[in-house]
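As a basis for the values below, the full set of heavy atoms in this structure was taken, side chains included, without hydrogen atoms, waters or symmetry mates.
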Amino acid sequence: MTIAALQALIDEELPGIPRHPAPRLPRIRFSAKDTPMTTLPVPHPRPTDPPPAETPPITVGALIAWAHAHTDKTVRRLGDEAHLALGTLRIRHQEEQELTKVSAEEAQLEERLAEVRARKAQLTPKRRTPARDYEPATVRAWARDNNVPVPAMGQIPAAVLTAWRERDAQGGAA
């Protein structure tokens with residue numbers, strides 16, 4: 001089966017399906033000077049000749065039914081192959097249409113999810129760090145100077161902070 005024949009079958013079975021056009025081939029112009037004439041030119045039909053009768057094109061379904069009923073095994077095999085190819089093309093076409101629809105729905109959902117997340121970020125209260133009334137390095141230096149045990153890193157114990165805050169009342173300001 002030629003490509004043109006398969007394309008004609010598809011056109012009859014599934015009309016209106018957009019396809020890429022065939023590639024354009026460059027036209028090369030020749031003149032009589034370019035090629036020597038070795039045969040006589042082909043005669044054109046005379047205007048008095050009746051035009052050839054055109055037969056209406058056969059539908060794909062009728063053509064496949066004809067092939068299935070044919071006595072020649074090759075024609076029956078070609079009919080089976082064409083039937084299978086058209087069925088496969090129908091399935092593939094449906095899958096691609098569904099994939100296009102699902103992809104569009106996915107894009108809409110992702111857009112909506114981005115909107116919801118942005119609104120959630122607006123409504124979520126900001127976490128605030130409590131304001132300190134002390135500088136950790138100053139408290140540690142005071143504790144070392146006054147022989148109060150304090151870790152070199154990490155959180156300063158509440159007892160050390162209480163003692164540091166009461167230093168003015170005791171007269172131990174550094």
**Request:** To the nearest 0.5 angstrom, please state how far the OG1 atom of Thr138 sits from the CZ atom of Arg140.
**Result:** 10.5 Å
**Complete:** When every non-hydrogen atom of Ala67 is compared with those of Gly79, the smallest separation belongs to CB-CA, 3.6 Å
**Item:** Working for side chain to side chain contact (heavy atoms under 4.5 Å, CB included), residues Tyr134 and Ile156
**Value:** CA-CA 11 Å; Tyr134 63 93; Ile156 299 174; 4.1 Å; yes
**Request:** Could you pull out the closest heavy-atom pair between Ala143 and Val150, with the gap in Å?
**Result:** CB-CG1, 3.7 Å
**Message:** The test is side chain to side chain contact (heavy atoms under 4.5 Å, CB included); show your working for Trp66 and Val75 and say whether it passes.
**Reply:** CA-CA 9 Å; Trp66 169 82; Val75 174; 3.7 Å; yes
**Item:** Enclosure of Gln155 CD (heavy-atom neighbours >12, cutoff 6.0 Å)
**Value:** no
**Request:** Measure the CD-CG distance between Glu106 and Leu113 for me, rounded to the nearest 0.5 Å.
**Result:** 11.5 Å
**Item:** For Trp142 against Val160, the heavy-atom pair lying closest together
**Value:** CZ3-O, 4.2 Å
**Prompt:** Which distance, rounded to the nearest 0.5 Å, do you find between the OG1 of Thr88 and the CG of Leu84?
**Reply:** 4.5 Å
**Point-to-point distance, once rounded to the nearest 0.5 Å, from CZ of Arg119 to OG1 of Thr124** = 10.0 Å
**Request:** Please confirm whether the backbone N or O of Trp164 pairs with a side-chain atom of Arg167, one donor and one acceptor, at under 3.5 Å?
**Result:** yes
**Asked** Quick one: does Pro151's side chain get under 4.5 Å of Pro157's, heavy atoms only?
**Response** yes
**Asked** Is the shortest side-chain N to carboxylate O distance from Arg112 to Glu115 below 4.0 Å?
**Response** yes
**Item:** Salt bridge present between Arg77 and Asp72 (N-O < 4.0 angstrom)
**Value:** no
**Asked** Is the number of heavy atoms from other residues, nucleotides or ligands within 6.0 Å of CD (Gln97) greater than 12?
**Response** yes
**Prompt:** Step by step, would you call Ile91 with Glu95 a side chain to side chain contact (heavy atoms under 4.5 Å, CB included)?
**Reply:** CA-CA 6 Å; Ile91 291 169; Glu95 288 173 350; 3.6 Å; yes
**Message:** To the nearest 0.5 Å, what is the distance between CD1 on Ile64 and NE2 on His68?
**Reply:** 6.0 Å
**Prompt:** Are Glu96 and Arg92 within salt-bridge range, i.e. N to O under 4.0 Å?
**Reply:** yes
**Prompt:** How would you list, by chain and number, every residue that makes a side chain to side chain donor-acceptor pair (under 3.5 Å) with Arg76, sequence neighbours excluded?
**Reply:** none
